[in-house]
Amino acid sequence: MHTLAVNVDHVATVRQARLITEPDPVTAAALAELAGCHGIIVHLREDRRHIQDRDVEVLRSTLKTRLNLEMAATDDMAAIACRIRPDMACLVPEKRAELTTEGGLDVAGQSAQIVRCVRCLHEAGIMVSLFIDADEDQITAARDSGAEFVEIHTGRYADAAAQPDQDREFDRIVEAIGRARSLGLRVNVGHGLNYRNTQRLVPIGAIEEFSIGHSIIARAVLVGMERAVREMLAIIKR
Ligand code: PXP
């Protein structure tokens, strides 16, 4: 069965809107675990707009499942990751003005920095995933970097308004996953996945983990965290 990792960044987004202590992403993570998710993801952005350093530290010491830390591929962030030691670090591109991570990491274009970051994380015993577009060159560069995983960016598939566009993006994802597996990379997917568009990816057996945030938190606001996670787990069960 595929696994589900729940991104709780947007619980912190609501908290930071008032700069107080609730809602607490750590409590949300515990409820997601009680509902059966397999891991928790947080993105410690350089501008600290939602998740704070302390959230990551508390999650590290309280989670019963796995902690996946999304982070920019910088030396400063690598130093934080090496101190906190998540189970996995997912390297993502980061731009100050973006609302969310917009595109995949340009591994091919900044390979020296990425390789340095991957090595540093590996030395601390942290598995590494690279968040990339469904692109042949990026997949090859990801393999060359030494990372164990790629997370294929599903945003264009998720955002496609017309069926032919969604079909084309779906085919690109399938091809990219096949290529990554043939190079020995393990594969996760994420971004923009929701209660309607996730189902179509479920038959792709090579996917290990679905990484889903916004749609689960949006649903949890209305129906509660445990129910929102259980409903998504029911979808990804093959
Ligand atoms: N994977 C990565 C690498 C991301 O940056 C994000 C967004 O933080 C997600 C998955 C989750 O995307 P969404 O919130 O659209 O489900």
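In each ligand, atom 1 is the first atom listed, and ligand 1 is the first ligand listed. Quick note: numbers below take in every heavy atom, side chains included, and nothing from hydrogens, waters or symmetry partners.
Scanning Ser211, Gly213, Ala218 for the heavy atom closest to atom 10 (C) of ligand 1 points to Ser211.
Residue-ligand proximity: His43 is placed with every non-hydrogen atom at 4.0 Å or more from ligand 1. Residue contacts with ligand 1 do not include Ser215, since none of its heavy atoms lies under 4.0 Å from the ligand.
Among Asn188, Ile41, Asn68, the single residue meeting the side-chain contact (heavy atoms from CB on, under 4.5 Å) criterion with Ser211 is Ile41.
Taking every heavy atom of His214 and a limit of under 4.0 angstrom, the matching atoms of ligand 1 come to 13 (P), 14 (O), 16 (O). Here is the list of ligand 1 atoms found below 4.0 Å of a heavy atom in Val92: 3 (C). Atoms of ligand 1 lying under 4.0 Å from any heavy atom of Gly192, numbered from 1 in the order shown and given with element: 12 (O), 13 (P), 15 (O), 16 (O). Every atom of ligand 1 with a heavy atom of Asn7 under 4.0 Å away is listed here by number and element: 8 (O). Under a 4.0 Å criterion applied to the non-hydrogen atoms of Ile212, ligand 1 contributes the atoms 16 (O).
With respect to Lys64 and Glu33, no salt bridge is recorded, no charged nitrogen being found less than 4.0 Å from a carboxylate O.
Taking only nitrogen or oxygen atoms, main chain and side chain alike, His10 does not reach within less than 3.5 Å of ligand 1. Ligand 1 has no nitrogen or oxygen under 3.5 angstrom from a nitrogen or oxygen of Gly190.
Judged by distance alone, with hydrogens and angles left aside, the side-chain atoms of Tyr195 form no donor-acceptor pair with the main-chain N or O of Ile235 at under 3.5 Å. In this structure, the side chain of Glu46 does not engage the main chain of Ala72 through any donor-acceptor pair within 3.5 Å.
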Trace of the side-chain contact (heavy atoms from CB on, under 4.5 Å) decision for Glu148 with His122: CA-CA 10 Å; Glu148 294 90 341; His122 278 168; 3.0 Å; yes

Verdict with reasoning, Leu130 to Ser145, per side-chain contact (heavy atoms from CB on, under 4.5 Å): CA-CA 9 Å; Leu130 304 180; Ser145 77; 3.4 Å; yes

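Closest approach of Leu193 to Ile212, counting heavy atoms only: O-CG2, 3.5 Å.
Between His10 and His214, the ring planes are perpendicular. Angles over 60° get that label, and only those under 30° would be called parallel.
Residue contacts with ligand 1 for His153 are absent, since no atom lies close enough (heavy atoms, distance under 4.0 Å).
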